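See structure below.
Counting starts at 1 for both ligands and their atoms, in listed order. Keep in mind the model is a prediction, meaning the values are calculated, not measured.
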Amino acid sequence: MKLMDSHVGGASRSCSVLVLLLLLHRSLIATALGQQSDGALTVLENTGGGVGGEEEEEVTVDDDDADVEVLQPTEQWQTLAPGQAVPAGSHVRLNLQTGKREVRLGEEQLKYWTQEHRELEKSAAPINPDELKKAMKKIKEDLKSQDPVASKFRPLEELKKDMAELDLLVETDVQIMRRLLDQFNSSSTTTEQRLNILQELEYLVHQVDNAQTLCSMGGLSLILEGLNSSDVRLQENSAFVLGSAVSSNPVVQVQAVEGGALQTLLATLATTQPLNVKKKVLFAMACLLRHFPYAQRHFLSNGGLQILSELFRADVGGILQTRIVTMLYDMISEKELISQAGLDHVQNPSHEERLRQYSEVSLQDELMEKGWCSLVPQLLQSTEHDYREKALRALLAMASVCLDQYRSDGSLLGSLHSLRLQYSELIQSEMILGEETSYFTEMMELIDTLQVKGELAPGLE
Ligand SMILES: *[C@@H]1O[C@H](CO)[C@@H](O)[C@H](O)[C@H]1NC(C)=O
Ligand SMILES: *[C@@H]1O[C@H](CO)[C@@H](O)[C@H](O)[C@H]1NC(C)=O
């Protein structure tokens with residue numbers, strides 16, 4: 001939730017008057033109950049004498065006193081006359097020399113009381129004093145109508161009422177998204193503004209409900225249009241919103257696929273794009289396919305693996321390669337986990353349906369046919385441990401269909417051999433230094449498993 005943007009003209013002013021009134025209302029009640037209300041607004045009555053610094057404050061509800069004067073505090077201390085009121089957040093003190101109450105802006109107010117504000121205030125009267133007076137009078141009447149015992153319970157009731165009224169001033173996520181989408185859809189909106197809107201949406205759609213609401217508002221088609229845009233920044237940010245919206249959100253995943261997201265993502269990947277766009281599009285693709293066999297099947301039948309292999313071959317830094325390999329690995333392992341879990345779920349119909357859907361995803365065979373058994377090993381040449389790890393895990397996951405190719409892949413055998421040497425040295429030197437060895441040991445284990453599994457170790461040939 002967000003407070004409404006209050007930098008626009010008259011509406012904002014009536015907003016702040018309302019807030020102020022609510023605060024006035026609240027602190028008056030607090031004061032009436034004899035609580036200290038140091039920073040908050042107080043209605044002060046000259047209690048006569050007063051020298052001596054007693055901090056007692058009292059509201060005298062005076063029948064004749066219909067007019068309440070509101071003193072607007074400044075940075076300087078000002079003397080409060082009897083019966084004068086000050087806005088909430090003001091700093092009130094008792095001057096021990098004069099016995100008079102003094103007021104100035106509170107700390108919070110001072111912090112934001114910049115030159116800019118001062119000029120704004122000059123041009124636009126901050127608060128309508130008549131409205132304030134009316135409100136104060138109303139509050140006094142309310143207070144009078146309470147019997148003393150009942151008034152003890154008043155604050156809670158008041159608080160609830162105030163909260164309900166405050167809610168009216170707070171924009172809900174739904175309202176924010178409606179506003180953002182309308183702005184995004186407007187022809188007068190600039191690219192910069194659209195980028196900001198996408199960033200705000202990306203933040204909002206992390207909440208499952210918000211992402212679904214965005215769909216029902218028709219936001220998905222706007223996002224897909226953004227993905228199709230000729231502006232690469234719009235493409236990148238639209239892909240980011242899409243990925244975050246579908247991430248772990250089956251309802252949105254289904255709607256996105258129905259809305260053509262898969263084809264748009266594939267088309268974007270297939271055309272030449274800057275790295276940043278590709279990264280985000282891959283992210284969105286991975287989120288869309290995750291745990292969604294229906295989408296995976298269509299990804300395969302739409303030539304997804306072909307498009308990815310072109311991306312893989314063209315990538316020099318290994319960043320895209322790693323992301324692609326990770327995505328493929330995730331897809332293979334989620335299918336395997338489902339089939340393994342099958343033993344425990346024999347009677348579960350939805351599980352059988354999942355199994356059936358996954359059985360239609362012929363990922364492994366396609367991977368072999370499209371040349372991935374020899375593509376993934378290339379990632380082992382990276383200098384990044386993390387990238388190599390992703391490659392090793394994917395190689396293991398693909399072993400059931402790729403083993404024959406691994407055995408005849410001289411470059412892969414050479415990589416495994418030299419990586420094994422390198423990691424055993426790293427483990428050695430870590431042991432000498434007495435450091436944690438877990439990560440390199442893990443890498444070593446991955447290599448060993450792969451070598452044993454595929455009989456790839458030099459000694460076993
Ligand atoms: C965008 O505007 C068009 C017409 O101006 C409207 O038909 C469409 O529903 C709007 N889309 C959204 C998501 O608000
Ligand atoms: C994206 O553009 C392609 C052709 O350039 C078009 O066929 C497709 O419908 C567009 N998608 C959206 C969501 O606008």
Open item on the list: Looking at K390, is its backbone amide N or carbonyl O close enough to the side chain of D386 to form a donor-acceptor pair, meaning the two atoms are under 3.5 Å apart?
Closed with: no
Task: Any protein heavy atom nearer than 4.0 Å to atom 4 (C) of ligand 1 - done: no
Open item on the list: Within the 4.0 Å heavy-atom shell around L222, which atoms of ligand 1 are there?
Closed with: 13 (C)
Task: atom 1 (C) of ligand 1 - nearest protein heavy atom and its distance - done: N185 ND2, 1.3 Å
Task: Residue-ligand contact E225/ligand 1, heavy atom below 4.0 Å - done: no
- [ ] Kindly indicate whether atom 11 (N) of ligand 1 is approached by any protein heavy atom to under 4.0 angstrom.
- [x] yes
- [ ] Determine yes or no for a side-chain-to-main-chain donor-acceptor pair under 3.5 angstrom, with Y329 supplying the side chain and L395 the backbone.
- [x] no
Task: Under 3.5 Å: donor-acceptor pair, side chain of N302, backbone of G304 - done: no
- [ ] Can you sort out which atoms of ligand 1 are near M217, meaning under 4.0 Å from one of its heavy atoms?
- [x] 13 (C)
TODO: Output yes when the distance from some N or O of ligand 1 to some N or O of R178 is under 3.5 Å, and no in every other case.
DONE: yes
- [ ] With rounding to the nearest 0.5 Å, note down the distance linking CD in E352 to OG in S359.
- [x] 11.5 Å
Open item on the list: Taking the basic N atoms (NZ, or NE/NH1/NH2) and the acidic carboxylate oxygens, is any pair closer than 4.0 Å for R313 and E310?
Closed with: no
Open item on the list: Yes or no, since that's all I need: does a protein heavy atom fall within a distance strictly under 4.0 Å of atom 7 (O) of ligand 1?
Closed with: no
Task: Test: K280 and E202 ion pair at under 4.0 Å - done: no
Task: Contact atoms of ligand 1, heavy-atom distance to G218 under 4.0 Å - done: 13 (C)
Task: Electrostatic pair R388-E384, nearest N-O below 4.0 angstrom - done: no
Task: L181 heavy atom under 4.0 Å from ligand 1 - done: no
